[in-house]
Asks: 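Just passing along the structure, written as structure tokens.
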Amino acid sequence: MAAPVFDPPERFNIADYFLDARVREGRGERVALRLDDRELTYAEVQALANRYGNALRETGLRREERVFLLLDDGPEFPAALFGIVKLGAVAIMVNPVQKPDQLAELIDYCEPACALVGGAHLEGFEAACAQTDRAPAILTVGAGAAASGRHRSLDQLAAHASERLKTVETHRDDAAIWLFSGGTTGRPKAVVQTHRSFANTTECYAKAALGFTEDDVTMSIPKLYFGYATGSNLLFPFSVGASVALFPEHPTPEVVFEKIRRHRPTILINVPTMVNKMVEHPSARKQDLSCLRFATSAGEALPAPLYQRWRDTFGVELLDGLGTAEMWHIFVSNLPGAVKPGTLGRAVPGFEIEVRGDDGRELADGEVGRLWVRGGSRALGYWRNLEKTSAAFRGEWFVGGDLVSRDAEGYVTYCGRADDVLKVAGKWLAPQEVESCLMRHPRVAECAVVGIEDAAGLTKPYAFVLAKADPDGLEEELKAFCLDNLQAYKHPRRVIVLDSFPRTHLGKIDRGKLKAMV
């Protein structure tokens, strides 16, 4: 597959690229958003975005100022996002269900000019604002929030605003959206991403590699505030005039199956945790997923046994891949017709990857090293963090903490994070290897392996698991299972059964909190 060449003009705004251009092309009457109770066309989304943009401008929002979005998945989210970007301002998507102290930290760190807050999240965000002297102006979004009367309502302001709004001609390298890095320890870093990046990945990954078309209907398990979903369930389909199915409910397997029956998506945006829940559901084999061309998986490693169970249960291709906020979205992926289970796939055409050692030299096939990647979607850096920006952004390359190996065919295998890999008995151990082994056991629903120092200061692997049924005797059973299937030094010295896992702001397992439990 030839690498796409994307060279946007110097004056370039993604609100025009993803939304306004569809209306200019004559696609204004195509269905853009599919909701449970109604549908919105591209022209209707554009009109709402323009009204929101005009209302925000009347409140005094200026170019390059930052705006928090704390909204559930619904028409207000894309309309607000595009309305902000149309003004040349910067959108920062925030997980709205974080605790007030976490939100207060983000306010202090990002210093937004204003925040657009849905009714269900207003009380929590007000509590966060009370903890900081940098609290932004709050504009409520949605009828329920407007009824509170405590803040101005964006919807009420927009009701009288014009449906026409000229999109600001931003520079292609201006900041468009800030994303938060998905690290599993410490405070997330704000990644400053440009207009160019969002369009580049769309051209390389969505259009050229996956083949999104205007006939597709996408649906996502992750919510739109997560950059993975922002791309796959909003920007990518909007780039070709396709439809997006949105629902605000928490995605349980029952909800997901019902939404698939209702909307009949052709592309499902998934994560390993929900893949596991869906295949484990008692009615899984009764579900009709024949509408799907394929599903994608990202956010966490997808073990080969889980991939196979998905294929055996639903008969739908599942494409695992890897992306980062720093390179915006997926740049390594399995592709339709070229899936190698247990791997992340190969570099998406338009991106280049290398596996390098600590000395910066490229390693041979099969060796484990840091993943280096370059392409037209590289971020400007981390907000207010020169030290980590300098360490991670090296010329054209982004160098993160992911450890991988690559085989002779170019397929990449994920080996863990550099700060997660364990030195056990003088040998390196990737937690994913133990996790993949544990996931093959019929009594394990989900697991995570971390390193814990013993009384002598030596690191030992500990496993945390969610059991499918009665956990009695599970610890010794799993230890023996690992000893039968792995080298002895790799087996978990303890197996701790949990009712649920602590999660990060992006829903990933928080390994730092697991360590703190011991």
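Predicted, not measured: the structure shown is a model, and the values here were computed from it.
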Asks: Counting distance only, does the side-chain N/O of Thr324 pair as donor-acceptor with the main-chain N or O of Met327 below 3.5 Å?
Replies: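 Yes.
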
Asks: Just checking Asp358: does its CG atom have more than 12 heavy atoms from other residues, nucleotides or ligands closer to it than 6.0 angstrom?
Replies: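 Not more than 12 within 6.0 Å, no.
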
Asks: Please evaluate residues Glu326 and Ser181 with respect to the criterion side-chain hydrogen bond (donor to acceptor under 3.5 Å, both in side chains), reporting the C-alpha separation (whole Å), side-chain torsions for both, the decisive distance (0.1 Å), and the verdict.
Replies: CA-CA 7 Å; Glu326 293 87 349; Ser181 63; 4.8 Å; no

Asks: Roughly how far, to the nearest 0.5 Å, is CG of Leu106 from CG of Asp101?
Replies: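 Asp101 atom CG to Leu106 atom CG measures 10.0 Å (nearest 0.5 Å).
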
Asks: Does any N or O in the side chain of His491 come within less than 3.5 Å of the main-chain N or O of Cys482, such that one atom is a donor and the other an acceptor?
Replies: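 Answer holds: no.
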
Asks: Establish, yes or no, whether a centroid distance under 6.0 Å links the rings of Phe236 and Trp328.
Replies: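 Close enough - the centres of the two rings lie under 6.0 Å apart.
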
Asks: Can you tell me if Lys468 has over 12 outside heavy atoms packed within less than 6.0 Å of its NZ?
Replies: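 Yes, because the 6.0 Å sphere around NZ of Lys468 holds more than 12 heavy atoms from other groups.
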
Asks: So does Asp510 pair up with Arg503, basic N to acidic O under 4.0 Å?
Replies: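 Looking at Asp510 and Arg503, the cut-off is not met.
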
Asks: Please tell me if the side chains of Val94 and Tyr225 come closer than 4.5 Å, counting only heavy atoms from C-beta onward.
Replies: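 A side-chain contact is absent here, since even the closest heavy-atom pair is not under 4.5 Å.
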
Asks: Assess the side chains of His441 and Glu477: does a donor N or O sit below 3.5 Å from an acceptor N or O?
Replies: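 Side-chain D/A pair, His441 to Glu477: present.
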
Asks: Does the distance from a Lys or Arg side-chain N to an Asp or Glu carboxylate O, for Glu258 and Arg261, drop under 4.0 Å?
Replies: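 Salt bridge absent between Glu258 and Arg261.
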
Asks: Can a donor-acceptor pair be found, under 3.5 Å and without considering hydrogens, that links the side chain of Gln308 to the backbone of Pro305?
Replies: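 Side chain of Gln308 to backbone of Pro305, a donor-acceptor pair under 3.5 Å: no, none is there.
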
Asks: Answer with yes or no whether the side chains of Tyr307 and Glu317 bring together a donor and an acceptor at under 3.5 Å.
Replies: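 Side chains of Glu317 and Tyr307: pair found under 3.5 Å.
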
Asks: Using the rule given for side chain to side chain contact (heavy atoms under 4.5 Å, CB included), can you reason through Ser333 versus Leu344, listing the C-alpha separation, both sets of side-chain angles and the distance that settles it, and then say yes or no?
Replies: CA-CA 5 Å; Ser333 182; Leu344 297 166; over 6 Å; no

Asks: On the six-membered ring of Tyr382, is Lys388 placed so that its NZ or CZ lies under 6.0 angstrom from the centre and within 45° of the ring axis?
Replies: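 Pair Lys388/Tyr382 does not count as cation-pi.
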
Asks: Could you tell me which non-hydrogen atom of Pro265 sits nearest to which non-hydrogen atom of Leu292, and how far apart they are?
Replies: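 Scanning both residues completely, I find the closest heavy atoms to be O-CD2, 3.3 Å.
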
Asks: Out of curiosity, Leu71 CG to Met93 CE, how far, rounded to the nearest 0.5 Å?
Replies: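 Answer for the CG-CE pair, Leu71 versus Met93, is 11.0 Å.
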
Asks: What is the distance from atom CG of Leu422 to atom CD of Glu433, rounded to the nearest 0.5 Å?
Replies: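 Nearest 0.5 Å value for the CG-CD distance: 11.0 Å.
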
Asks: Is there side-chain contact between Leu498 and Leu514, with heavy atoms separated by less than 4.5 Å?
Replies: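 Yes. Closest side-chain heavy atoms under 4.5 Å.
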
Asks: Working to the nearest 0.5 Å, report the span between CZ of Phe501 and CZ of Phe464.
Replies: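 It is 8.0 Å, given to the nearest 0.5 Å.
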
Asks: Any salt bridge between Arg417 and Asp402, counting N to O under 4.0 Å?
Replies: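 Judged by the 4.0 Å cut-off on N to carboxylate O distance, Arg417 and Asp402 do form a salt bridge.
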
Asks: Spell out, as yes or no, whether a donor-acceptor pair under 3.5 Å connects the side chain of Gln287 to the backbone of Ser283.
Replies: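 Side chain of Gln287 to backbone of Ser283, a donor-acceptor pair under 3.5 Å: yes, one is there.
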
Asks: Just by distance, no angles: are the side chains of Thr343 and Thr413 close enough, under 3.5 Å, to form a donor-acceptor pair?
Replies: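 There is no such pair (donor and acceptor under 3.5 Å, judged by atom type) between the side chains of Thr343 and Thr413.
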
Asks: Do Lys340 and Asp407 sit within salt-bridge range, that is, some charged N less than 4.0 Å from a carboxylate O?
Replies: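 Here Lys340 pairs with Asp407 in a salt bridge, since their nearest N and O are under 4.0 Å apart.
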
Asks: Looking only at heavy atoms, what is the nearest atom pair of Phe68 and Leu70, with distance?
Replies: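 Closest pair (atom of Phe68, atom of Leu70, distance): CB-CD1, 3.8 Å.
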
Asks: Would you say Thr218 and Asn233 are linked by a side-chain donor-acceptor pair, where the criterion is simply a distance under 3.5 Å?
Replies: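 Yes, Thr218 and Asn233 have a side-chain donor paired with an acceptor closer than 3.5 Å.
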
Asks: State whether the side chain of Arg378 and the backbone N or O of Gly395 hold a donor-acceptor pair below 3.5 Å, judged by distance alone.
Replies: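 The answer is yes, because a donor-acceptor pair under 3.5 Å joins these two groups.
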
Asks: Which word best sums up how the rings of His329 and Tyr228 line up, parallel for under 30°, tilted for 30 to 60°, or perpendicular for over 60°?
Replies: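 Rings of His329 and Tyr228: tilted, 30 to 60°.
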
Asks: With heavy-atom distances below 4.5 Å as the criterion, would you say the side chains of Ile452 and Lys460 are in contact?
Replies: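 No, every pair of side-chain atoms sits at 4.5 Å or beyond.
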
Asks: Would you say the side-chain atoms of His121 and Asp72 include a donor-acceptor pair closer than 3.5 Å?
Replies: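 There is such a pair between these side chains.
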
Asks: Is there a salt bridge (charged side-chain N to carboxylate O under 4.0 Å, His left out) between Arg361 and Glu354 once you walk through the steps?
Replies: CA-CA 9 Å; Arg361 295 184 180 181; Glu354 291 183 358; over 6 Å; no

Asks: What class does the angle between the rings of Trp178 and Trp383 fall in, given that below 30° is parallel, 30 to 60° is tilted and above 60° is perpendicular?
Replies: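 Tilted: the ring planes of Trp178 and Trp383 meet at 30° to 60°.
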
Asks: Please report the shortest heavy-atom distance between Ile509 and Cys447, naming the atom on each side.
Replies: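 Heavy atoms of Ile509 and Cys447 come nearest at CD1-O, 4.0 Å.
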
Asks: Atom CD1 in Ile269, atom CG in Leu234: separation rounded to 0.5 Å?
Replies: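 The CD1 atom of Ile269 sits 11.5 Å away from the CG atom of Leu234.
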
Asks: Using a 3.5 Å distance criterion without hydrogens, assess whether the side chain of Asn276 forms a donor-acceptor pair with backbone atoms of Ala445.
Replies: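 Such a contact is found between Asn276 side chain and Ala445 backbone.
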
Asks: Using atom types as modelled and distance alone, determine if a side-chain donor or acceptor of Arg370 lies under 3.5 Å from a backbone N or O of Gly400.
Replies: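 Yes, Arg370 side chain to Gly400 backbone: donor-acceptor pair under 3.5 Å.
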
Asks: What I want to check is whether the side chains of Glu367 and Ser405 have a donor and an acceptor closer together than 3.5 Å.
Replies: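 Judged by distance alone, the side chains do not pair up.
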
Asks: Could you check whether any side-chain heavy atom of Lys277 comes within less than 4.5 Å of a side-chain heavy atom of Val271, counting everything from C-beta outward?
Replies: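 Sidechains of Val271 and Lys277: no contact.
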
Asks: Salt bridge between Arg406 and Glu362, side-chain N to carboxylate O under 4.0 Å?
Replies: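 Looking at Arg406 and Glu362, the cut-off is met.
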
Asks: Please tell me if the side chains of Asn95 and Val97 come closer than 4.5 Å, counting only heavy atoms from C-beta onward.
Replies: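 Yes, close enough: below the 4.5 Å cut-off.
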
Asks: Which is it for Leu318 and Val275 under the side chain to side chain contact (heavy atoms under 4.5 Å, CB included) test, yes or no, and what are the steps along the way?
Replies: CA-CA 10 Å; Leu318 182 59; Val275 168; 4.2 Å; yes

Asks: What are the two closest non-hydrogen atoms of Ser297 and Asp320, and how far apart are they?
Replies: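 What the structure gives for the nearest pair is O-OD1, 3.1 Å.
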
Asks: Hey, is Lys490 close enough to Glu435 for a salt bridge, meaning N to O under 4.0 Å?
Replies: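 Judged by the 4.0 Å cut-off on N to carboxylate O distance, Lys490 and Glu435 do not form a salt bridge.
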
Asks: With no hydrogens and no angle check, do the side chains of Thr132 and Asp108 hold a donor and an acceptor under 3.5 Å apart?
Replies: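 Distance-only check passes for Thr132 and Asp108.
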
Asks: Taking side chain as C-beta onward, heavy atoms only, is Ile92 less than 4.5 Å from Val67?
Replies: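 A side-chain contact under 4.5 Å is absent here.
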
Asks: Taking C-beta and beyond as the side chain, do Ile138 and Leu122 meet within less than 4.5 Å on heavy atoms?
Replies: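 Yes; the side chains approach each other to less than 4.5 Å.
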
Asks: What I want to find out is whether Lys99 reaches Glu105 closely enough, with some N-O distance under 4.0 Å, to be called a salt bridge.
Replies: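 Salt bridge flag = no for Glu105 with Lys99.
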
Asks: Between Thr230 (side chain) and Leu224 (backbone), is there a donor-acceptor pair under 3.5 Å?
Replies: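 Indeed, once roles are kept as given, a pair shorter than 3.5 Å links the two residues.
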
Asks: Parallel, tilted or perpendicular: which describes the rings of Phe393 and Phe398, with under 30° parallel and over 60° perpendicular?
Replies: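 If you compare the ring of Phe393 with that of Phe398, the planes turn out tilted.
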
Asks: Which atoms form the tightest heavy-atom contact between Cys415 and Ala430, and what is the distance?
Replies: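 For Cys415 and Ala430, the tightest heavy-atom pair comes out as O-CB, 3.0 Å.
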
Asks: Check the surroundings of atom CG in Asp470: do more than 12 heavy atoms from other residues, nucleotides or ligands lie under 6.0 Å from it?
Replies: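 Yes.
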
Asks: How many angstroms lie between CG in Leu319 and CD1 in Ile330, if you round to the nearest 0.5 Å?
Replies: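 These two atoms lie 10.5 Å from each other.
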
Asks: Just by distance, do the side chain of Asn200 and the backbone of Arg196 share a donor-acceptor pair under 3.5 Å?
Replies: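 Answer holds: no.
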
Asks: In plain terms, say whether Glu249 and Lys259 are close enough for a salt bridge, that is, a side-chain N and a carboxylate O under 4.0 Å apart.
Replies: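 Counted as a salt bridge, because a side-chain N and a carboxylate O are separated by less than 4.0 Å.
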
Asks: Looking at Arg494 and Ala463, would you say the former's side chain and the latter's main chain have a donor-acceptor pair under 3.5 Å?
Replies: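 No; judged by distance alone, with no hydrogens or angles, the pair does not exist.
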
Asks: Say whether Gln432 and Ser436, considering side chains only, have a donor N or O and an acceptor N or O under 3.5 Å apart.
Replies: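 No.
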
Asks: Could you report the tightest heavy-atom contact between Leu486 and Val434, atom names first, then the distance?
Replies: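 It is CD1-CA, 4.1 Å.
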
Asks: Apply the test side chain to side chain contact (heavy atoms under 4.5 Å, CB included) to residues Leu306 and Val279: give CA-CA distance (whole Å), side-chain angles for both, the deciding distance (0.1 Å), then the verdict.
Replies: CA-CA 9 Å; Leu306 184 55; Val279 300; 4.1 Å; yes

